[in-house]
Chemist: 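The structure's right below; bear with me while I get my questions together.
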Amino acid sequence: MQSQLIQAQKFDSVGRLAGGVAHDFNNMLGVILGHVEMCLDMIKPGHEIHDDLLEIRKAAERSANLTRQLLAFARKQTILPKVLDLNSTIEGLLKMMRRLIGENIELIWQPRTGLWPVHMDASQVDQLLANLCVNARDAISGTGRVSILTDHVSLDAAACASHAGASPGDYVVIAVADTGSGLSAEVRAHLFEPFFTTKDIGKGTGLGLATIYGIVTQNKGFIAVDSPPGRGTTFRIHIPRHFAAAMPEQDTKAQVHARGHGTILLVEDDPGMLQTCALMLERLGYTVLSASSPAMALRLAQDHASSLNALVTDVIMPGINGVELAKKLRAIRSGLKCLFISGYTSDVFTRENPPADAEFIQKPFAAAALAEKLGRMLDSAKPADQPSVM
């Protein structure tokens with residue numbers, strides 16, 4: 001138990017550092033991507049610097065993927081959980097997983113009938129499976145087999161004693177097993193530490209299993225690893241059972257929206273990100289009121305209440321967070337539409353209970369993604385109520 005406590009404290013300390021670095025880095029990447037996109041809009045494909053701008057964009061997008069992995073490990077990534085049937089969610093990913101592991105490795109899918117539902121973000125299931133399948137593929141030399149299974153179990157205190165973070169109760173299990181070479185005791189001792197890898201230089205970041213650890217912990221689950229020498233490895237992800245029926249999947253394909261119109265109150269405490277977002281919104285056709293703090297946003301809202309159509313705000317800011325700000329602004333402008341932007345939320349969405357009709361976009365983001373979110377949100381808006389008398 002003392003060893004597990006020391007390991008948990010080490011992960012927590014590294015997680016706080018990783019989360020803070022990722023937060024600041026996401027703001028810088030947002031500025032880079034935003035300005036690159038605006039430059040690409042002004043330059044034709046044949047221009048001498050067009051290809052250079054594309055390379056800058058690719059590098060920034062790869063960097064953004066690394067920060068997402070750091071945030072997942074730190075348990076600070078933004079999640080929008082819903083009730084899921086994991087069998088249906090995983091079945092939708094199998095085609096991609098088969099491409100990921102390659103033609104020389106057989107993929108076997110064994111779902112448990114009548115699987116209990118879970119409450120988690122569907123994109124995290126994608127991250128879990130992708131990282132586990134890549135590790136399984138890399139552990140196999142030549143041909144082999146990767147199996148994905150689902151199950152559910154009820155665990156008592158005795159069964160949980162050997163697993164850090166496990167509590168008695170009902171769990172849904174995702175298991176990924178491979179026929180590779182297995183893991184030594186020394187490797188297993190460092191398995192979920194960030195940047196620990198047994199791969200050659202340039203072959204891996206060492207963040208895959210750290211990402212899995214962060215996702216599972218954020219969802220109040222735990223991981224069991226079974227790896228007899230020379231007999232392959234099995235990872236069993238345990239996610240707490242959710243006592244509600246899963247909702248049917250809806251079509252979430254992006255829609256192309258016409259040029260925007262209306263007045264947006266933009267709130268962002270990072271100066272570079274504030275300027276970049278304002279330029280993006282203005283180029284999309286919106287009138288922008290920029291605020292560098294929640295206090296400034298409240299003053300602008302008082303002065304322009306009748307003309308406001310939507311709030312676009314960062315989540316983590318000094319003073320009050322974006323969710324609290326949205327609630328205060330809705331007292332001034334009833335029914336105000338809200339779009340939250342962030343690269344690091346510290347679970348504020350879960351804690352603060354944001355408006356049910358709010359939208360969210362992860363930093364860094366492209367102008368097209370911002371346009372799609374705002375367009376869909378404002379298209380569904382009813383005529384705004386008259387501002388409240390203060």
Chemist: Out of curiosity, does Val225 fall in the hydrophobic cluster containing Ile237 (side-chain heavy atoms, cut-off under 4.5 Å, transitive links)?
Modeler: yes

Chemist: Taking ILVMFWY side chains as joined if any heavy atoms are under 4.5 angstrom apart, and letting links pass through other members, which residues group with Met42?
Modeler: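 In the cluster with Met42 there is nothing else; it is isolated.
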
Chemist: Closest approach of His163 and Ala224, non-hydrogen atoms and distance?
Modeler: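 Taking His163 first and Ala224 second, the nearest heavy atoms are CE1-CB, 3.6 Å.
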
Chemist: Locate the shortest heavy-atom distance separating Val83 from Pro117; write the atom from each residue and the value.
Modeler: CG1-CB, 3.9 Å

Chemist: Do Leu115 and Leu94 sit in one hydrophobic cluster, given that two such residues count as connected whenever their side-chain heavy atoms are within less than 4.5 Å of each other, even indirectly?
Modeler: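 Linked within one cluster.
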
Chemist: Which donor-acceptor pairs under 3.5 Å do the side chains of residues 164-180 make with protein atoms, sequence neighbours left out?
Modeler:
| unit_1 | atom_1 | unit_2 | atom_2 | d |
| --- | --- | --- | --- | --- |
| Asp170 | OD1 | Ser154 | OG | 2.6 |
| Asp170 | OD2 | Arg241 | NH1 | 3.3 |
| Tyr171 | OH | Ser167 | N | 3.2 |
| Tyr171 | OH | Ser167 | O | 2.5 |
| Asp178 | OD1 | Gly180 | N | 2.8 |
| Asp178 | OD1 | Thr233 | N | 3.3 |
| Thr179 | OG1 | Arg145 | N | 3.0 |

Chemist: Going by ring-ring contact (aromatic ring centres under 6.0 Å, His included), name the pairs with one or both residues in residues 111-131, residues two or more places apart or in two chains.
Modeler: Trp116-His152, His119-His242

Chemist: Measuring from atom CD of Gln218 to atom CE of Met120, what distance do you get when rounded to the nearest 0.5 angstrom?
Modeler: 9.0 Å

Chemist: Run through the side-chain heavy atoms of Ile, Leu, Val, Met, Phe, Trp and Tyr, join any pair under 4.5 Å, and report what else lands in Ile108's cluster.
Modeler: none

Chemist: Please walk me through it: do Leu100 and Leu129 pass side-chain contact (heavy atoms from CB on, under 4.5 Å)?
Modeler: CA-CA 10 Å; Leu100 204 58; Leu129 280 185; over 6 Å; no

Chemist: Return the set of residues passing salt bridge (charged side-chain N to carboxylate O under 4.0 Å, His left out) with Asp126 (not counting sequence neighbours), or none when no residue passes.
Modeler: none

Chemist: Does His238 form a side-chain contact (heavy atoms from CB on, under 4.5 Å) with Leu155? I'd like the steps, not just the answer.
Modeler: CA-CA 11 Å; His238 295 72; Leu155 302 178; 4.3 Å; yes

Chemist: Is it the case that the side chain of Glu359 and the backbone of Lys373 share a donor-acceptor pair, with hydrogens and angles ignored and the cut-off at 3.5 Å?
Modeler: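 No, because the side chain of Glu359 does not come within donor-acceptor range (under 3.5 Å) of the backbone of Lys373.
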
Chemist: Check whether any side-chain heavy atom of Lys337 lies under 4.5 Å from a side-chain heavy atom of Asn309, and answer yes or no.
Modeler: no

Chemist: Residues two or more places apart in sequence or in another chain: which of them pass side-chain hydrogen bond (donor to acceptor under 3.5 Å, both in side chains) with Asn87?
Modeler: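 Thr150.
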
Chemist: Could you check if a side-chain atom of Leu300 sits within less than 4.5 angstrom of a side-chain atom of Leu308, using non-hydrogen atoms only?
Modeler: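 Leu300 vs Leu308: side chains apart.
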
Chemist: Does a side-chain heavy-atom distance below 4.5 Å link Arg112 with Leu149?
Modeler: no

Chemist: Once ring-ring contact (aromatic ring centres under 6.0 Å, His included) is applied, what residue pairs with a partner in residues 313-339 remain, sequence neighbours excluded?
Modeler: none

Chemist: Holding to side chain to side chain contact (heavy atoms under 4.5 Å, CB included), I want the full list of residues that pass it with Asp156, two or more places apart in sequence or in another chain.
Modeler: Ala158, Ala159

Chemist: For Asn131 and Leu209, what are the C-alpha separation, side-chain angles and deciding distance, and is it a side-chain contact (heavy atoms from CB on, under 4.5 Å)?
Modeler: CA-CA 7 Å; Asn131 282 305; Leu209 290 176; 6.0 Å; no

Chemist: If I compare all heavy atoms of Ala136 with all of Val146, which pair ends up nearest, and what's the gap?
Modeler: CB-CG2, 3.7 Å

Chemist: Output yes when Asp314 and Lys363 qualify as a salt bridge under the 4.0 Å nitrogen-oxygen rule, no when they do not.
Modeler: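 Result for this pair is yes, salt bridge flagged.
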
Chemist: Salt bridge or not for Lys328 and Glu324, using N-O below 4.0 Å?
Modeler: no

Chemist: Check the hydrophobic clustering (I, L, V, M, F, W, Y; side-chain heavy atoms under 4.5 Å; chains of links allowed) and say if Ile320 and Met317 are grouped together.
Modeler: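 Same cluster: Ile320 reaches Met317 through Ile, Leu, Val, Met, Phe, Trp or Tyr contacts under 4.5 Å.
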
Chemist: Could I get the full list of ring-ring contact (aromatic ring centres under 6.0 Å, His included) partners for His35, not counting sequence neighbours?
Modeler: none

Chemist: Check Val315, Leu325, Ile361 against Phe340 for a side-chain contact (heavy atoms from CB on, under 4.5 Å) and give me the one that passes.
Modeler: Val315

Chemist: With Asp52, which residues qualify under salt bridge (charged side-chain N to carboxylate O under 4.0 Å, His left out), at least two apart?
Modeler: none

Chemist: Using modelled atom types only, decide if a donor and an acceptor are shared between the side chain of Asn219 and the backbone of Gly221 within a distance under 3.5 Å.
Modeler: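 Looks like no, no N/O pair under 3.5 Å.
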
Chemist: Could you tell me which non-hydrogen atom of Cys277 sits nearest to which non-hydrogen atom of Ile341, and how far apart they are?
Modeler: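 Scanning both residues, the minimum pair turns out to be SG-CD1, 4.3 Å.
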
Chemist: Hydrophobic cluster membership, with links at side-chain heavy-atom distances under 4.5 Å among I/L/V/M/F/W/Y: are Trp109 and Ile140 in one?
Modeler: yes

Chemist: Would you say the side-chain atoms of Thr89 pair up with the backbone N or O of Asp85, donor to acceptor, closer than 3.5 Å?
Modeler: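 Answer holds: yes.
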
Chemist: Only one of Leu311, Leu370, Thr313 clears side-chain contact (heavy atoms from CB on, under 4.5 Å) with Leu339; which?
Modeler: Leu370

Chemist: Is Met38 reachable from Met273 through a run of I, L, V, M, F, W or Y residues, each pair having side-chain heavy atoms under 4.5 Å apart?
Modeler: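 Different hydrophobic clusters.
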
Chemist: Between Ile332 and Ala301, what is the shortest heavy-atom contact and its length?
Modeler: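 That would be CG2-O, 3.9 Å.
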
Chemist: Can you see which heavy atom on Ser307 is nearest to which on Thr263, and at what distance?
Modeler: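 Closest heavy-atom pair between Ser307 and Thr263: O-CB, 3.3 Å.
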
Chemist: Can you name the residues that form a side chain to side chain contact (heavy atoms under 4.5 Å, CB included) with Ser292, not counting sequence neighbours?
Modeler: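 Partners of Ser292 by the side chain to side chain contact (heavy atoms under 4.5 Å, CB included) criterion, ordered by chain and then number, come out as Leu274, Met296.
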
Chemist: Kindly write out the residues that satisfy salt bridge (charged side-chain N to carboxylate O under 4.0 Å, His left out) with Glu55, not counting sequence neighbours, or none if the list is empty.
Modeler: Lys58

Chemist: Do Tyr286 and Leu374 make a side-chain contact, defined as non-hydrogen atoms from C-beta onward lying under 4.5 Å apart?
Modeler: yes

Chemist: Check the pair Val31, Met28 against side-chain contact (heavy atoms from CB on, under 4.5 Å), reporting the backbone distance first and the verdict last.
Modeler: CA-CA 5 Å; Val31 175; Met28 291 185 283; 5.8 Å; no

Chemist: Does the side chain of Thr276 reach to within under 4.5 Å of the side chain of Ile32, using non-hydrogen atoms?
Modeler: no

Chemist: Within a strict 4.5 Å, meaning less than it, do heavy atoms of the Pro318 and Asp269 side chains meet?
Modeler: yes

